[in-house]
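In this text the structure is predicted, and so the values were computed from the model without any measurement.
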Amino acid sequence: MRRLAARGAAGDAEEAAAPASEDSSDCVQCRSPSPRRLIDLCAIWDTGVSLPFADWKGASSGVASRRLNEAEKLSSLWEAHLEQQEAAKPQGLGSREWGLVLRMARQQAPPWVNAAFLLFLLSLGGAIEIPMDPSIQNELTQPPTITKQSVKDHIVDPRDNILIECEAKGNPAPSFHWTRNSRFFNIAKDPRVSMRRRSGTLVIDFRSGGRPEEYEGEYQCFARNKFGTALSNRIRLQVSKSPLWPKENLDPVVVQEGAPLTLQCNPPPGLPSPVIFWMSSSMEPITQDKRVSQGHNGDLYFSNVMLQDMQTDYSCNARFHFTHTIQQKNPFTLKVLTNHPYNDSSLRNHPDMYSARGVAERTPSFMYPQGTSSSQMVLRGMDLLLECIASGVPTPDIAWYKKGGDLPSDKAKFENFNKALRITNVSEEDSGEYFCLASNKMGSIRHTISVRVKAAPYWLDEPKNLILAPGEDGRLVCRANGNPKPTVQWMVNGEPLQSAPPNPNREVAGDTIIFRDTQISSRAVYQCNTSNEHGYLLANAFVSVLDVPPRMLSPRNQLIRVILYNRTRLDCPFFGSPIPTLRWFKNGQGSNLDGGNYHVYENGSLEIKMIRKEDQGIYTCVATNILGKAENQVRLEVKDPTRIYRMPEDQVAKRGTTVQLECRVKHDPSLKLTVSWLKDDEPLYIGNRMKKEDDSLTIFGVAERDQGSYTCVASTELDQDLAKAHLTVLADQATPTNRLAALPKGRPDRPRDLELTDLAERSVRLTWIPGDDNNSPITDYVVQFEEDQFQPGVWHDHSKFPGSVNSAVLQLSPYVNYQFRVIAVNEVGSSHPSLPSERYRTSGAPPESNPGDVKGEGTRKNNMEITWTPMNATSAFGPNLRYIVKWRRRETRDTWNNVTVWGSRYVVGQTPVYVPYEIRVQAENDFGKGPEPDTVIGYSGEDYPRAAPTEVKVRVMNSTAISLQWNRVYSDTVQGQLREYRAYYWRESSLLKNLWVSQKRQQASFPGDRPRGVVSRLFPYSNYKLEMVVVNGRGDGPRSETKEFTTPEGVPSAPRRFRVRQPNLETINLEWDHPEHPNGILIGYTLRYVAFNGTKVGKQMVENFSPNQTKFSMQRADPVSRYRFTLSARTQVGSGEAITEESPAPPNEATPTAGNHTKKTIPVKAQAQPIQLTDLYPGMTYTLRVYSRDNEGISSTIITFMTSTAYTNNQADIATQGWFIGLMCAIALLVLILLIVCFIKRSRGGKYPVREKKDVPLGPEDPKEEDGSFDYSDEDNKPLQGSQTSLDGTIKQQESDDSLVDYGEGGEGQFNEDGSFIGQYTVKKDKEETEGNESSEATSPVNAIYSLA
C-alpha cells in the first residue's frame, strides 16, 4: 500500500468502542449563509503534525453531527499558520463563509478547530488513494486508465508486421476501438488487421501480401467501460523509407592549392533521416581534423586544400536505421593545382608549411553559415547545435561566445574541432545572441547567431485521478506552459465538454474543473488536451466516487515482541471511503492513545517512543467512517534486554597453562539464549583443547597461536550483547626475581561492589572496591552517571578522583534518577566500567537557571522567531519542564505578552517590520519558576528597503578607479538593519572600435552607513554604467538612476603568446600577439633584451616597434650566450605590463636558472676514496654533504663551493667559425695530396737506409724498436705494415728509385696512424747507407695545423 490516510473525526460508532473516554467534545457545526451546504469540520491532533479531514456534505444528505475527541492545545503551530490561513481563501467559498471561519481561527479555539481549518484549505484538492492490495484492487470499480501506448510519431519497418500498442486497465475490464484519421476504424472489415486478446493493441499482418504504405495515417485508441472512456495519444503511423541515391557522373573537382572546397553530399530524403559519413571508394575512412571536417548537413568542408588531399577520393555514405543498409554515392576525385608539384612529406611538419609550398596566406571567411549573421529556433528540452565552418590560410581557429553572458558550462560542449557548439536540454535562459570567432594570424571574422527558444507544451500540473467519497469536493487541474502559450481543451469520455450533458456539480474555471457534492453519477474519465503550434499534450484523469466501509489490511491479532527501552511501531493499515478516522486503545479501554510517549502517524501506525514494562498489553486500532467501522488487535510483549554482567577480562598466561574467560549473561527467560565466541573477530573453532560452557570458555595448554582478542556474543532472537578481552601468551623463560619486571603492564580491572550511603537531597556518598591494577598503579577514578528521563542509557562524566581514594561525596541536581558507575585509569588505559549502582532519585525543586542563547530574529517580514538552548536533565530540577516566553515592543513599553512553550522556539506573528522587542525566557517546572530572566533585545523580520541612494556622483580618479558619493537614505526607509550600500556596475562598451566586451554585472560593497566609496579594478578606456542600492538583511532595495562614466586611457596588459624561437645558431625569431586588454590606443611595443652566460650579464639593448609589428628577428653576437627578452606594449599613458622570455638552451645543455634548486645524489662505496663530480654548471653555487644511505640522519657538515665562470669573450670561439673550418679543410686536403705524391715518388725506387743484415732480428738494444720504427728494403716486395694498397687491392711494384728525401729539404717527417707509416729518416741526397739515423720526433703536419689555432 503506498499511503493509507488516517484523517478525520471519529463517529459515534468509535465512541462505542471506547466507552471510557470522557474527554470528548462536540464537533463544531458551522452553517453557511447558503442553506444548500453544511460545513462539518472535524479533526484529530498529533503533536507537531496536523492530521485533518474535512467532509463537505450537502444539506440533503442528512448526515448527523459527529463526535470528536479534543486534543491538547499547541499554540506555536497555531501562530505559525495564522498568516497562511488569512491569505488562502479557496475558490468557490463566499466572503461571509470565509469570514466565519477566520473568526473561528482567531479565537483561542480547541486544537481540533485548528486542524479542521488546515484541512479546509486542502479539502478542495483532497482525494483517496487506493491501496495496492490485490483484493481491494479487484473488488473496487474503476474507470479505464491507459497503461501503455505507442509513441506519437510511430515509424515502422516495412519488412515487419505493424504493431500499434494500446493497453488499459479498469474494473470492469475495458473494451477497445480505434479511429483512423478521425474516423471510426472498422477492424472487422480488414482481414489483415486484428486486435490482441484482452488488449487494444493492433496487429497488421503482411504475410499474405499488401503494402504497408496503405496504412499510414493518424490513429487513436479508445478504452471504455460503463464508468467512462479513456483516450490514447494521436499516433501518427509512418513507414520507414530508404530511397536509392540518384545516379550521377561526377567530374573531377579542380581546385587551386590553398583554396577552400565544399563537397556536397545531398543524401536522398529518408525516414528517419540517414546517418552521413565520408569514406574513400576503398572503404577507408576520411581523416578529419581542424582543416578537413564534415558539417552537420553532411557536406565535407576543406578550409584549405593541400596537395596531399589528391591521394584519395571522397564518397558520401548514408546509413538508414530501419533497413540497416548503407548507400554509397559516386566518389569525388580531386585535382589540385599547385606551385610546388612535389608532395614532400617533410614539409608537413614545417613550421610554416603554407609558405614553404608557396600557398598565399589569407584572412578567414565563413563557408557555413554565409554572411555575418543568422538566426536559429530551437525547442525547449532539445539540443541546440550551432555550427561555424571557416576557410583561410593558415586554417582558422574557432572560438564561441555569448553576448552579455557566459556559455552554460554545465550544458555546453564543443564538437567537430570546436566548429560546433552543442547546448543540451535547452531552456528559455539559453536564448540570446551567440557568435563564433574565426581567427588566424592574418586576421579574424565573426558570425552572430540569434537563438530563439520556443517550447512545445509541458506540464506544470498534470491532472491526476480523483477518487472521492459521496458528497466530497475535489478538483482536476490541468496546467501547462509553452511558447507560444498553449490552449487548454477539456473533454469527458472522449467528447468535448461543451457537448456533454450538463452536470450541476461540475464547474469549469479555465484550466481547473471543480466538483462539489459529488455523487455516484459523477464518475467519468476527463481528458485535458493542451496544444500550441509545436505540439500537444493529452492526459486522462478519471473521477471515481467510492462508498466503501472501513477495512483492515493487515493480519488479525498479531504478536509483537520488543526489548525494554527500545522504540517500536505498531502498524494498522486500513482503507475506506470516506477516509476513515483511526484511534488506538490499550486493553480495550481508556482514551485515545496519542501524545506523550505515543505518536500516531497518518498511515495509522502507532509509535511508542520508549518501551516500558507497563506498555505491555493488547492494543486495538479502530477505523471509523459514516458507513461503519473495523478494528484489529496487536498484542505487545515487553522483554528484558540481554546483558553480559560479568565480562571476560584481559589475561596474560604462560605457554602450556590453562586460561578461563568468563561470560555470564542475564536475559529474558522466555527468549532462547545463544552464547558464541569470536577470535580476532572471526568465529572461533572449538577444538579438543577448548571447552565451551554457558558462562565461560576454557583453553587448556595455551600456545602462541591462542594469543589474540576473544569476543563473547550473547544473543536472542530480539537482541544481543557482546564483550571483548585480550589474551597475551608468554614464552617459557627463567623465573625472574622481580615479579613486576616479569609480567607486562595492563589496564586495571574494573571496580566492584558500588554502594551509596549518606543519602541527602543534593549529595550522596559513593564507595567502591578497587580492582587489580595489573602491575601499573591506578592514577584516577572517573565517576559517571546515567538518568532515565531525558537520555536513558547514555552515561555522562560526573567527576574525577585520585587513584588513592575509594569513596567520594557526589554533588547532585534535584529531580534526577541517578545511577552511577566507576572507571579506573592507569598509565596503560582505562578499565571496563563497573557494574551500575542502585538508583537514587533526588527530590525536585524549582529551576535555578534559565535557558541560554536567547535570540529574537525575524524569519519573515511580519514575524519574530524567539529561540533558545533548551536545558538538560541536570538543570531541569523537576518534572514537566517548560518555558515562559515574554515579549513586548521596546519603545512602547506595553504590557508583556507571554506564552508557555515546551519546545525551544516560538514564533510571534503579525509584527511590524523591523522593530526592537524586549524578550525574556524563564524556565518553569512543577515545583515552580526559575529566577527572573535577563532581558534580551530582538528584532522582528526585515522587509526590502523602500528607497534608493540619491544624488549619486561619480568622479573618475584614474583609468581603473572611480570615487562615488551619494546621499544616505533615511533610516525609516531601510526597513531593517542597514548592511551596506552596494554599487552595481557593468562595462557597456570599449572606446576601441570592434572590441567585444563582457557586459556581466559586477558589484562593489560599502559596509555600514557611509556616504562615499571607491570602485576599483575597472577597465581603462571604456564606457561604464552604474546603479546604487541599499542592502539590508532581506536583500536589495530599489535601484538609483543609472549613471554613465568613461574611464580614461591606461597602460595595456602584457602582449599575449610571446614566443622565442631559435631556428639556427645565428638567428633568434620573436613573435607575439596584441594584448588582450589594450586599455587604449596602442602606439607601439618596447623590447629590452640582454645577453647572459652563467652569472655574467651583458649590456641591455632596447628596440621600439610600431603597433602593427608582431615579429622581430635578430642575429646572435655569439653562439654561447643566451638572451633574456622583456616585451611590453605602450599607449600614450606609458608602457604596460611586461612579459619576459628567454632564448632556448642548447640541446645538450640544461643551464640552471635562478631559483632552480636541482638535487643530485651519487652513490659511493664505504671506502674513503676521492670521487670526482662532473657535469657541473659554470658560475653556479653548490652545496655538498656526505650521508649514510641507510640513515640520512648520519651526515657530514655541508660544504658550499662555486664553480668557475665559463670562458666568454665578445669574439666568438674561432673553432666554431665557418671561415676557419673551411681553411682547415683546405689545408688538410693539400697535405693529403702531398702525401700521396710523396708515396708515389717513393714507390718508384727511392732508396732509404737499411740494415746490412736484414735477416738478423733486432736486438733489444736497438733504440728504433722503442719508437715503433721498422726496417724497409726496396728489394723486398712484401707490403709494408701500415702501408697503403692500390685501388685494386694489390701492392704496386716499385718503379722508382726516388727516395722520400728527394722531396724534403732536410726536415724529418712522420705519418700518423691513418694508413701511412711511422719512422725516422736522415735527410741525405746521396743514396748510401747512413749511420746514426736517430733523431728527435718531429711534429706531424696535422698537429702543426691544429697548433695554429
Next on the checklist: Apply salt bridge (Lys or Arg N to Asp or Glu O under 4.0 Å) to residues E429 and R380 and explain how you reach the verdict.
Outcome noted: CA-CA 10 Å; E429 54 265 25; R380 178 182 185 271; over 6 Å; no
Next on the checklist: Could you walk me through whether I389 and F366 satisfy the side-chain contact (heavy atoms from CB on, under 4.5 Å) test, starting with their C-alpha distance in whole Å, then the side-chain angles of each, then the deciding distance to 0.1 Å, before giving a yes or no?
Outcome noted: CA-CA 6 Å; I389 302 176; F366 283 111; over 6 Å; no
Item to check | side-chain contact (heavy atoms from CB on, under 4.5 Å) between L627 and V548, worked out | outcome: CA-CA 7 Å; L627 301 176; V548 181; 5.6 Å; no
Next on the checklist: For a side-chain contact (heavy atoms from CB on, under 4.5 Å) check, start with the C-alpha distance between F515 and L476, then their side-chain angles and the critical distance, and finish with the verdict.
Outcome noted: CA-CA 8 Å; F515 300 92; L476 290 178; 3.9 Å; yes
Checklist entry - Could you walk me through whether D309 and Y314 pass the side-chain contact (heavy atoms from CB on, under 4.5 Å) check? => result CA-CA 10 Å; D309 297 332; Y314 301 86; 3.6 Å; yes
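Counting only distance, with no hydrogens or angles, the side chain of E387 and the backbone of H296 share a donor-acceptor pair below 3.5 Å. Not one N or O on the side chain of N171 forms a donor-acceptor pair closer than 3.5 Å with the backbone of P143. Here the side chain of N465 pairs no donor or acceptor atom with the backbone of S544 at under 3.5 angstrom. One N or O on the side chain of T147 and one on the backbone of E167 form a donor-acceptor pair closer than 3.5 Å. Between the T530 side chain and the P486 main chain, no donor and acceptor come within less than 3.5 Å of each other. A distance-only check finds a donor-acceptor pair linking the side chain of Q327 to the backbone of P243 [under 3.5 Å]. A distance-only check finds no donor-acceptor pair linking the side chain of W245 to the backbone of A318 [under 3.5 Å]. For Y458 (side chain) and L537 (main-chain N/O), no donor-acceptor pair under 3.5 Å exists by modelled atom type. One N or O on the side chain of S315 and one on the backbone of K329 form a donor-acceptor pair closer than 3.5 Å. In this structure, T179 contributes its side chain and R183 its backbone to no donor-acceptor pair below 3.5 Å.
A perpendicular orientation is assigned to the rings of Y219 and W178, their planes being inclined by more than 60° (bins at 30° and 60°).
Counting heavy atoms of neighbouring residues, nucleotides and ligands inside a 6.0 Å radius, atom OH of Y368 does not exceed 12 of them. K413 NZ: 12 or fewer foreign heavy atoms inside a 6.0 Å radius. No more than 12 heavy atoms of other residues, nucleotides or ligands sit less than 6.0 Å from atom CZ of R236. For M195, the CE atom is densely surrounded, since the number of other residues' heavy atoms within 6.0 Å is greater than 12. Counting non-hydrogen atoms of neighbouring residues, nucleotides and ligands closer than 6.0 angstrom, the NZ atom of K152 exceeds 12 such neighbours. Heavy-atom contacts from other residues, nucleotides or ligands closer than 6.0 Å to CZ of R319 number 12 or fewer.
Of the candidates E415, Q288, K419, S293 forms a side chain to side chain donor-acceptor pair (under 3.5 Å) with just one, namely K419.
Side-chain contact between W278 and N317 is absent, with no heavy-atom pair separated by less than 4.5 Å. In this structure, the side chains of N540 and L231 come closer than 4.5 Å at one or more pairs of heavy atoms.
E507 has a carboxylate O that lies under 4.0 Å from a charged side-chain N of R516, or vice versa, which qualifies the two as a salt bridge. Salt-bridge formation is not detected for the pair D205/R192: no Lys NZ or Arg NE/NH1/NH2 atom is positioned less than 4.0 Å from an Asp or Glu carboxylate oxygen. Checked for salt-bridge contact, K411 and D430 meet the test: a charged N lies under 4.0 Å from a carboxylate O. A salt bridge is defined here as a Lys NZ or Arg NE, NH1 or NH2 lying under 4.0 Å from an Asp or Glu carboxylate O, and E495 with R224 fails to meet this definition.
In this structure, Y215 has its ring center under 6.0 Å from that of F206. The distance between the ring centers of F185 and F222 does not fall below 6.0 angstrom.
Geometrically, R523 does not engage F542 in a cation-pi contact defined by less than 6.0 Å to the ring centre and at most 45° from the axis.
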